[in-house]
Q: 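Before anything else, here's the structure in question.
Just so we're on the same page: letters track the sequence lines, and every chain starts at 1.
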Number of protein chains: 2
Amino acid sequence: MLSHTEENYLKALLKLSFESKSEEAGTNELAANLAVKPATATDMLKKLKEKGLVDYEKYGKISLTAVGKTSAIDIVRKHRLWETFLYSTLEFTWDEVHEVAEQLEHIQSAKLIDKLDKFLNYPQFDPHGDPIPNQKGEIKTQFKKTLAEIAAGKACRMVAVKDNSKSFLQYVVKVGLGLHHDIKVLTRQEYDALMEIKVNGIKSSITQKFAENIYVVCSNCAAGKPCTETIDCKQ
Amino acid sequence: MLSHTEENYLKALLKLSFESKSEEAGTNELAANLAVKPATATDMLKKLKEKGLVDYEKYGKISLTAVGKTSAIDIVRKHRLWETFLYSTLEFTWDEVHEVAEQLEHIQSAKLIDKLDKFLNYPQFDPHGDPIPNQKGEIKTQFKKTLAEIAAGKACRMVAVKDNSKSFLQYVVKVGLGLHHDIKVLTRQEYDALMEIKVNGIKSSITQKFAENIYVVCSNCAAGKPCTETIDCKQ
DNA sequence: AAAATTTGTTAGACTAGTCTAACTTTAATA
DNA sequence: TATTAAAGTTAGACTAGTCTAACAAATTTT
């Protein structure tokens, strides 16, 4: 049985493994992610290593073991199912679900999660467009690019967000964006990558920082049809 | 903000205040309820007193302050709403809901509970027949007797259970009993209070220990009609 | 390659919550 | 009422998780 804290460390390590392609993380990086000091992370890493959940040597890089990864995915599954429940069933707004799901993901009951999954009719994606791992821990990987990578003149469709913070999500709504919205990139400045986009007929200027947190694919890929590749979805 | 542990102490104190009419509890009693040693309870009581949640003097009796009681009722509200959700929405069985609700009751989000309450259509009773406090903390008190108090020859209707343990609830089902079932008391032994009852045409022998955990009223009271008082519901 | 910077670890301390063992107060009983 | 029993408290210790400050290793820069 894992403590809430241990679960949070595993989840953070899984997240970091997705972010950096090497699947490895550093102590400082991990600590920053969990809002603790590096010294604290070191202590916990020793404990997680002892429990066979992480591969770790002093001063070395950190990665999850198979067992650790399975546990981490299970937590992510719970988190995303709860987010879906809060959004779809209880009518929470987009920006409210994350912090409550952070608590709910630690509830220990396999039956609860399976029943919830069934009740929600086995959703594949959470309200932020992230894939929900199935009962076996399989995660549907989607090819996607960030809006920042889309060239001027190209069109795309929003499929997910990278940042789940309240402030970011509220800003997304303010700009008129949302999951499954079509976006046309009108212009893009060479100097600072400031983009002008059009969504539902409304034009907005968005910074690179913002655009990097919006995931998109071409409208065909989004609809499950063969990729037109006008924006190279699958690269 | 209260810790899970503090919340559990408050909840236990509220429970004890309902059980003994004096509204006061002892340290050992409290400790036994929480499955900790009396020494541990003493430490926590000092802390809860410091926070203004309990009235307590060394070697004296313990009671909740108004603030402590409000918090405790809020936790009970959460617990019972979650039980209702698990039972009605997720189709958990009667005996499974309690232990998961013990975890869910500690989730911190007023919005979550209000949305859940709305989703469940403002239920008044949980799956065990216990009243669910409303948003203001008001608890509907029901006049009820235990089955052990019903004389031979009398009829009554089951409205709640006192014991929420798995083993008890499973036994209740096995005997053919359940909420809102009509019970006829056929015989009652003078010596050991062993009762013979009839439920849905099936006869069973039940011990006093068992009968004391079944709450009943007359069928009129159960249906919201004027009490016939053949079993003195309101005494 | 040496120096400087970044990254990570160790040591010691703190809090929350728990325990055991010894002790004190209150209540019951002979 | 004096004694015994029950109830409750204190003291000291332990674990999990956190911190700060000092130190060590690895990496980058000059």
Q: Would you call B:Val54 and B:Ser63 a side-chain contact if the rule is heavy atoms closer than 4.5 Å?
A: no
Q: In whole angstrom, give the distance that lies between atom CE of B:Met44 and atom P of D:dT10.
A: 16 Å
Q: Taking it one step at a time, do B:Asp192 and B:Lys209 satisfy salt bridge (charged side-chain N to carboxylate O under 4.0 Å, His left out)?
A: CA-CA 10 Å; B:Asp192 57 7; B:Lys209 182 182 172 184; over 6 Å; no
Q: Can you check nucleotides 2-6 of chain C for protein contacts, nitrogen or oxygen pairs under 3.5 Å, and list what you find?
A:
none

Q: Without decimals, in angstroms, what is the distance between A:Leu45 CG and C:dT10 C1'?
A: 14 Å
Q: Could you list the donor-acceptor pairs under 3.5 angstrom formed between side-chain atoms of residues 9-16 of chain B and any protein atom two or more places apart in sequence or on another chain?
A:
| from | atom 1 | to | atom 2 | distance (Å) |
| --- | --- | --- | --- | --- |
| B:Lys11 | NZ | B:Glu102 | OE1 | 3.3 |
| B:Lys11 | NZ | B:Glu102 | OE2 | 2.9 |
| B:Lys11 | NZ | B:Glu105 | OE1 | 3.3 |
| B:Lys11 | NZ | B:Glu105 | OE2 | 2.8 |
| B:Lys15 | NZ | B:Asn33 | OD1 | 3.4 |

Q: Got a sec? Which of residues 32-43 of chain A come in under 4.0 Å of DNA chain C, heavy atoms?
A: A:Pro38, A:Ala39, A:Thr42
Q: Under a 3.5 Å cutoff, is there a donor and acceptor pairing between the side chains of B:His128 and B:His98?
A: no
Q: Residues in ring pair (Phe, Tyr, Trp, His ring centres under 6.0 Å) with B:Tyr56, at least two apart?
A: none
Q: What are the two closest non-hydrogen atoms of B:Pro131 and B:Ile139, and how far apart are they?
A: CG-CG2, 3.6 Å
Q: In whole Å, I'd like the distance from the NZ atom of A:Lys46 to the P atom of D:dT18.
A: 15 Å
Q: Taking CD1 from A:Ile62 and C1' from C:dT9, how many angstroms apart are they, rounded to a whole number?
A: 12 Å
Q: Tell me, which of residues 49-60 of chain B have any heavy atom that sits under 4.0 Å from an atom in DNA chain D?
A: B:Tyr56, B:Lys58, B:Tyr59
Q: Which residues satisfy the salt bridge (Lys or Arg N to Asp or Glu O under 4.0 Å) test with A:Glu190, sequence neighbours excluded?
A: none
Q: If a pair satisfies salt bridge (charged side-chain N to carboxylate O under 4.0 Å, His left out) and one of its residues is in residues 82-99 of chain B, list it, with sequence neighbours excluded.
A: A:Lys111-B:Glu96, B:Glu99-B:Lys166
Q: May I have the distance from B:Leu30 (atom CG) to D:dT9 (atom P), rounded to whole angstrom?
A: 10 Å
Q: Tell me which pairs pass salt bridge (charged side-chain N to carboxylate O under 4.0 Å, His left out) where either residue lies in residues 125-140 of chain A, with sequence neighbours left out.
A: A:Arg80-A:Asp126
Q: Mind checking side-chain contact (heavy atoms from CB on, under 4.5 Å) for A:Thr89 and listing every partner two or more places apart, or none if nothing turns up?
A: A:Phe85, A:Phe119, A:Leu120, B:Phe119
Q: Let me see the working for A:Asp114 and A:Arg77 under salt bridge (charged side-chain N to carboxylate O under 4.0 Å, His left out), right down to the final yes or no.
A: CA-CA 10 Å; A:Asp114 292 340; A:Arg77 172 170 153 80; 3.3 Å; yes
Q: Taking only residues two or more places apart in sequence or in another chain, which ones pass salt bridge (Lys or Arg N to Asp or Glu O under 4.0 Å) with B:Asp163?
A: none
Q: Residues in salt bridge (Lys or Arg N to Asp or Glu O under 4.0 Å) with A:Lys61, at least two apart?
A: none
Q: So which of residues 5-18 of chain B are in contact with DNA chain C, with a heavy-atom cut-off of under 4.0 Å?
A: B:Thr5, B:Tyr9
